[in-house]
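Computed from a prediction, not measured in an experiment: that's the story for all the values here. Quick note: residue numbers are just sequence positions, from 1. Side chains are part of it too, since the values below use all heavy atoms of this structure and drop only hydrogens, waters and symmetry mates.
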Amino acid sequence: MGRGKVVVKRIENKASRQVSFSKRRRGLIKKAQELSILCDVEVGLIVVSSSGRKFFEFTSGDSMESCYSVGK
């Protein structure tokens with residue numbers, strides 16, 4: 001039996017929201033890494049927390065600048 005559909009709306013409980021953010025951030029970074037490997041592409045990802053004080057980045061290349069310059 002599969003999972004039910006998840007309703008996409010803001011999680012009101014602050015602790016649950018933080019846990020969900022952490023898990024989904026890790027999943028998103030993992031998918032970006034897989035995309036980079038499988039498709040042989042440069043991937044740059046920036047995730048900013050809701051407070052704006054923390055940011056997390058992933059780059060498949062040497063730096064985020066190298067990912068940006070590839071598309072130009």
Quiz item: So, does S36 use its side chain to make a donor-acceptor pair with the main chain of A32 at under 3.5 Å?
Solution: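 No, the answer is negative, given that no donor and acceptor are paired below the 3.5 Å cut-off.
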Quiz item: Counting N and O atoms only, with roles assigned by atom type, does the side chain of S60 sit under 3.5 Å from a partner on the main chain of V43, one being a donor and the other an acceptor?
Solution: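 Present.
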Quiz item: With hydrophobic residues grouped by side-chain heavy-atom distances under 4.5 Å, do F21 and V19 end up in a single group?
Solution: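 Result: no, two separate clusters.
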Quiz item: Are I37 and I29 joined in one hydrophobic group, where the rule is that I, L, V, M, F, W and Y side chains link up if heavy atoms are under 4.5 Å apart?
Solution: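 No, separate clusters.
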Atom [atom1] of [X] and atom [atom2] of [Y]: how far apart are they, to the nearest 0.5 Å?
{"X": "S22", "Y": "F56", "atom1": "OG", "atom2": "CZ", "result": "7.0 Å"}
{"X": "K54", "Y": "R25", "atom1": "NZ", "atom2": "CZ", "result": "8.0 Å"}
{"X": "Q33", "Y": "L45", "atom1": "CD", "atom2": "CG", "result": "11.5 Å"}
{"X": "S50", "Y": "K14", "atom1": "OG", "atom2": "NZ", "result": "8.0 Å"}
{"X": "L28", "Y": "F58", "atom1": "CG", "atom2": "CZ", "result": "10.0 Å"}
{"X": "S20", "Y": "I11", "atom1": "OG", "atom2": "CD1", "result": "3.5 Å"}

Self-check item: More than 12 heavy atoms of other groups within 6.0 Å of N13 CG
Solution: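 Yes.
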Exercise. Please indicate whether R17 has more than 12 foreign heavy atoms, meaning atoms of other residues, nucleotides or ligands, lying under 6.0 Å from its CZ.
Key: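 Enclosed: over 12 neighbouring heavy atoms sit under 6.0 Å from CZ of R17.
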Self-check item: Closest non-hydrogen atom pair, L35 against V41
Solution: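 Closest approach of L35 to V41, heavy atoms only: O-CG2, 3.7 Å.
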